[in-house]
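Here is the structure we will look at.
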Number of protein chains: 2
Amino acid sequence: MAQRGSYAKGVARREEILESALEVIGRDGYQNASLKQIAHMVGVTPAALLHYFGSKEELFTEVLRKRDEHDGMDPRLADLADPREGLIDVIRHNAEVPGLVELFSRLAVDAVDPEHPAHSYFLERSERLRSAVAAGLHRDSTREPALDPDTMARVLQAVADGLQLQWMIDPTVDMADIVERLIDALAPRRD
Amino acid sequence: MAQRGSYAKGVARREEILESALEVIGRDGYQNASLKQIAHMVGVTPAALLHYFGSKEELFTEVLRKRDEHDGMDPRLADLADPREGLIDVIRHNAEVPGLVELFSRLAVDAVDPEHPAHSYFLERSERLRSAVAAGLHRDSTREPALDPDTMARVLQAVADGLQLQWMIDPTVDMADIVERLIDALAPRRD
DNA sequence: GTCTATACTCTGATAGAC
DNA sequence: GTCTATCAGAGTATAGAC
């Protein structure tokens with residue numbers, strides 16, 4: 001369905017803001033990514049950002065939501081027969097977007113507060129991610145997991161998040177390689 | 001050696017500030033833990049806090065440093081023959097101090113910035129923790145690790161950090177139990 | 001609907017008096 | 001060693017122009 005001009009412009013602006021936000025984080029770090037900086041990069045005032053997103057926290061939550069939509073965590077994790085390849089794909093991809101990893105890790109802590117706009121985002125995403133991985137493991141008859149699928153999923157999620165912390169402070173850490181070897185050790189192929 | 005009165009008072013004030021900081025975080029979350037709140041609890045003004053610690057970030061870094069000193073991560077991790085018990089002890093203990101876990105996770109992200117006062121703290125602590133765990137694993141002849149000690153240490157650290165994120169947002173997660181079962185699966189006892 | 005201008009409040013931080 | 005006063009900067013709310 002066709003949109004009115006003014007509406008289409010708003011949608012484009014939203015995208016522009018979300019992309020600029022990510023760019024500023026990647027360049028200056030989350031700490032120094034102010035509304036002013038982002039607004040300046042877009043060419044508007046901070047108040048314009050709050051017109052589209054209600055607050056700074058909601059803006060950044062939206063960045064994460066959009067990422068999940070567009071480079072689809074679900075398709076890769078849930079639809080693949082082999083959950084190992086899906087998980088490692090995601091990790092490899094993350095290593096190419098430092099700003100996104102920093103944003104994710106930072107909001108994961110802030111969102112502990114039930115009032116934080118990203119609170120439900122993290123609860124639901126975690127839940128979906130773990131059940132996708134657990135289902136994949138359960139379906140994969142070529143491997144013999146050493147732990148029940150739910151615990152395996154929880155451990156893999158924890159390792160992925162924890163390795164991101166290590167990688168951010170020391171980028172020589174090879175996240176994908178470690179997860180790869182861990183999965184092979186924890187759910188070896190049947191002979 | 002004996003201290004002058006004014007000096008001893010300063011030391012006591014420092015302790016008082018560090019403890020109050022932790023208390024405020026546990027009650028209001030890191031986000032809402034302002035210098036004003038902490039100062040109010042101690043009974044002084046925010047400027048007094050900055051007299052003892054140069055900045056807010058340095059104050060919180062000092063909280064983490066003091067924790068490591070006094071409930072000694074090193075003794076438990078490095079001196080124990082069985083690194084499994086040491087690690088699980090630490091995890092169990094952390095589950096009793098939510099404010100500390102939140103502070104730790106939050107600073108771990110902020111400290112990615114090399115200019116952050118906690119940057120070297122995290123680099124050095126990680127290094128020490130991993131080599132202690134790796135050494136313990138190497139020494140323990142009753143277990144057969146599925147991965148090399150360094151990778152095992154990195155994975156265990158990642159799992160511990162990642163599980164804290166899951167636990168903070170959902171306190172029903174039993175961190176110690178999961179790590180316990182993971183270690184048994186990943187480094188089974190020899191028969 | 002899109003956005004600027006303005007102002008308000010709170011933050012961490014600094015300078016200097018006591 | 002601690003306070004008061006003051007600062008610049010942050011995020012945010014509102015009014016209203018277009």
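Just so it is clear: chains get the letters A, B, ... in the order the sequence lines come, proteins before strands, and each one is counted from 1.
- Looking at residues 52-59 of chain A, you'll see A/Ser55, A/Lys56 sit with a heavy atom under 4.0 Å from some atom of DNA chain D.
- Side-chain contact between B/Arg65 and B/Thr61 is present, with heavy atoms from C-beta onward closer than 4.5 Å.
- Atom CD of B/Gln31 and atom P of D/dG11 are 12 Å apart (whole Å).
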**Request:** Might you work through the side-chain hydrogen bond (donor to acceptor under 3.5 Å, both in side chains) test for A/Ser126 and B/Gln166, ending with a clear yes or no?
**Result:** CA-CA 9 Å; A/Ser126 285; B/Gln166 293 179 31; over 6 Å; no

**Request:** Mind running side-chain hydrogen bond (donor to acceptor under 3.5 Å, both in side chains) on A/Arg181 and B/Thr151 for me, showing each step along the way?
**Result:** CA-CA 9 Å; A/Arg181 288 192 286 144; B/Thr151 304; 3.2 Å; yes

Name the pairs: protein N/O against N/O of nucleotides 16-18 of chain D, kept only if under 3.5 Å.
none

**Message:** Applying salt bridge (charged side-chain N to carboxylate O under 4.0 Å, His left out) to B/Arg92 and B/Glu180, what does each step give before you reach the verdict?
**Reply:** CA-CA 11 Å; B/Arg92 256 192 249 285; B/Glu180 216 167 337; 3.8 Å; yes

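- For C/dC3, one of the phosphate oxygens OP1 or OP2 lies less than 4.0 angstrom from a side-chain nitrogen or oxygen of A/Arg13.
- The pair B/Arg189-B/Glu144 does not meet the salt-bridge criterion, since no charged nitrogen lies less than 4.0 angstrom from a carboxylate oxygen.
- Contacts between residues 34-49 of chain A and DNA chain C, counted as heavy-atom distances below 4.0 Å, involve A/Val44, A/Thr45, A/Ala47, A/Ala48.
- Per the geometry, NE2 belonging to A/His51 stands 5 Å off P belonging to C/dT2, to the nearest Å.
- Centroid-to-centroid, the aromatic rings of B/Tyr30 and B/Phe60 come within less than 6.0 Å.
- For the atom pair B/Arg143 CZ and B/Leu137 CG, the distance stands at 8.5 Å (nearest 0.5 Å).
- Within a 6.0 Å radius of NE2 in B/His138, other residues, nucleotides and ligands contribute 12 heavy atoms or fewer.
- Remark: A/His119 NE2 to A/Glu57 CD distance equals 13.0 Å, nearest 0.5 Å.
- Rounded to an integer number of Å, the gap from A/Leu50 CG to D/dA10 P is 13 Å.
- Aromatic pair B/Phe104/B/Tyr121: centroids not less than 6.0 angstrom apart.
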